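See below for the structure under consideration.
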Amino acid sequence: MARKSGLPDSGDTRTDLITTPSDGALMDRVVHILDQARANVVRAVNSNMVLAYWLIGREIVTALQGGEERADYGGKVLEELSAALTRHYGRGFSVTNLKYFRLFYQTYAERRAEIRHESRDELAPVADAVALDDLAMALAQRESLQGFSPRLSWTHYRTLCRVEQRAERLFYEIEAERCQWSQPELERQMHSHLFLRLVKSRDKAGVMQLALEGQRIEKPLDVIRHPYVLDFLALPEVPRLRESDLEAALIDKLQPFLLELGKGFAFVERQHRIATEFQHYYIDLVFYNYLLKCFVLVDLKMGKLTHQDVGQMDMYVRMFDDLRRSETDGPTVGLILCAERDEVVARYSMLHESRKLFASKYMTVLPSEEELRREIERERAALESARQRDEKPLRESE
């Protein structure tokens, strides 16, 4: 009698309709489904806890604003609430945590109590050229329309609450979501003042775009940072540290170095040899940026930037383009990492006009925010002074 079902009976040995767990394929698919489901559950739990803590913070702020404003009154309310919640739910509701909930609400009071579903990539670019200190008003309108990210946990948001400047805080939130930073990686990017370092290479409109859209990689300048912070190398403070020592340390700590370089970088080779008919040259480090679809050559210099360093990198880029670049690759980019960036050399060399050659200072210890701000102001003042010098002969000729 013919079978009514298309499924094989118990005596059928065919394997074309189902793959057995012994082959691994079925097992892999089932494991993937379960892992994805568990990840979704964890993400849902995290998202709901973020909303719950924001709502608790709102209740605390409302209760304290409605009562007496004395500090001892607020402390007593938090202590009583902490004790009651601990009896009911157990650990996790200390007075310290309740203060975090309150700070969380105060920091994001303009947000809606909902988890965001739309992509950040849908945000339209903002053309208004406003100064960094004037971003708050523009951000207030945009931020009031948004909830919280489904990809960021409570520990992410608790960390973000420590960033006082709203534009800077929104930038880190966008980047943590888009790059899927862990909380420790978010903390490191904040401690190394990534936002301020990117601000140095942008105009006022570019700063606004950073704050509202995060870091977009569209041209070589977008991947350059000033300075690069290599604190993770833990290099000894010795006067005769060689370039080969720095190179070896970077290779040994390649993963954090790739994170410091930024988005889209993949390591290609160390001491890459390019040769002419009569001589061999060695490029310290070669990377490929898959967002820009181009090679990035890195030359390491222990001292101050010189015009010879710029000329050498220009030659490396031209030779690499001629000997190694394929038709599908974009123009090669050269980056000189130096201990000190000479602004005079930068201005009166090929660095000034080139869109493919860059020089950045590296720092082996974490700078303070005040140090970075002073450096930004010093560089802006130098650029403004140079601009005025360029305009003066033009005005006199008129």
Side-chain angles (χ1 to χ4, degrees), residues 201 217 219-228 230 233 235 238-258 260-262 264-364:
S201 60
I217 307 300
K219 54 186 182 298
L221 180 61
D222 294 336
V223 301
I224 303 301
R225 299 178 179 181
H226 299 286
Y228 286 85
L230 310 180
L233 296 180
L235 291 171
V238 294
R240 294 188 178 182
L241 191 68
R242 297 170 299 179
E243 290 169 6
S244 58
D245 297 326
L246 177 60
E247 180 185 319
L250 289 173
I251 294 299
D252 188 49
K253 301 284 187 180
L254 187 58
Q255 183 176 3
F257 183 47
L258 286 172
E260 176 61 19
L261 281 177
F265 280 93
F267 176 64
V268 175
E269 194 174 356
R270 171 187 185 184
Q271 288 297 308
H272 179 83
R273 182 170 68 93
I274 51 178
T276 64
E277 186 178 353
F278 304 105
Q279 195 167 354
H280 298 296
Y281 298 94
Y282 294 88
I283 304 169
D284 289 339
L285 301 169
V286 179
F287 296 88
Y288 192 84
N289 190 284
Y290 62 82
L291 296 176
L292 294 174
K293 293 181 172 54
C294 71
F295 287 96
V296 179
L297 315 182
V298 177
D299 207 17
L300 305 171
K301 299 298 178 184
M302 299 304 299
K304 181 179 286 190
L305 179 71
T306 67
H307 69 276
Q308 290 93 337
D309 298 331
V310 179
Q312 182 184 51
M313 178 55 81
D314 180 58
M315 182 186 70
Y316 285 168
V317 167
R318 293 173 186 270
M319 290 180 67
F320 200 95
D321 268 345
D322 189 46
L323 300 173
R324 296 287 188 268
R325 181 164 73 96
S326 71
E327 294 180 357
T328 59
D329 296 322
T332 302
V333 173
L335 171 62
I336 306 168
L337 285 181
C338 49
E340 193 64 41
R341 188 174 186 271
D342 191 321
E343 294 304 325
V344 175
V345 171
R347 173 164 176 76
Y348 293 104
S349 68
M350 288 172 286
L351 290 176
H352 184 58
E353 298 294 339
S354 175
R355 297 182 178 182
K356 300 195 298 181
L357 298 180
F358 303 92
S360 285
K361 178 181 177 180
Y362 67 83
M363 305 178 75
T364 57

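All figures in this text were calculated on a predicted structure; none of them were measured in a lab.
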Of all heavy-atom pairs between Pro331 and Cys294, which one has the smallest distance, and what is that distance?
O-CB, 3.4 Å
Quick one: does Thr332's side chain get under 4.5 Å of Val317's, heavy atoms only?
yes
Of all the heavy-atom pairs spanning Tyr288 and Lys293, show the shortest one and how long it is.
OH-C, 3.2 Å
Separation between CD1 (Ile274) and OH (Tyr282), nearest 0.5 Å, reads 10.5 Å
Are the side chains of Lys301 and Met313 in touch, meaning some heavy atoms are under 4.5 Å apart?
no
Considering residues, nucleotides and ligands other than His272, do more than 12 of their heavy atoms fall under 6.0 Å from its NE2?
yes
Could you tell me which non-hydrogen atom of Val286 sits nearest to which non-hydrogen atom of Phe320, and how far apart they are?
CG1-CZ, 4.2 Å
Over all heavy atoms of both residues, which pair between Phe267 and Leu258 is shortest? Give the atoms and the distance, please.
N-CD2, 4.2 Å
Residue of the set Tyr362, Phe265, Phe287 for which ring pair (Phe, Tyr, Trp, His ring centres under 6.0 Å) holds with Phe257:
Phe287
Do the side chains of Ile336 and Leu357 get nearer than 4.5 Å, heavy atoms only?
no
Gln255 CD: over 12 foreign heavy atoms closer than 6.0 Å:
no
If you define the side chain from C-beta out and look only at heavy atoms, does anything of Asp284 sit under 4.5 Å from Leu337?
no
Run through Asn289, Ile283, Asp329 and flag the one making a side-chain contact (heavy atoms from CB on, under 4.5 Å) with Phe295.
Asp329
Assess whether a salt bridge exists between Arg318 and Asp322, defined as any Lys/Arg side-chain N lying under 4.0 Å from an Asp/Glu carboxylate O.
no
Which heavy-atom pair separates Arg324 from Arg273 by the least distance, and what is that distance?
NH2-O, 3.2 Å
Ala275 and His280 have their tightest heavy-atom pair at CB-ND1, 3.2 Å
So how far is it from Leu297 CG to Met319 CE, rounded to the nearest 0.5 Å?
11.0 Å
In sequence, state the C-alpha distance, the side-chain angles, and the governing distance for Val298 and Leu250, and then conclude on side-chain contact (heavy atoms from CB on, under 4.5 Å).
CA-CA 12 Å; Val298 177; Leu250 289 173; over 6 Å; no
Rounded distance [0.5 Å steps], CG in Asp309 versus CG in Asp314:
12.5 Å
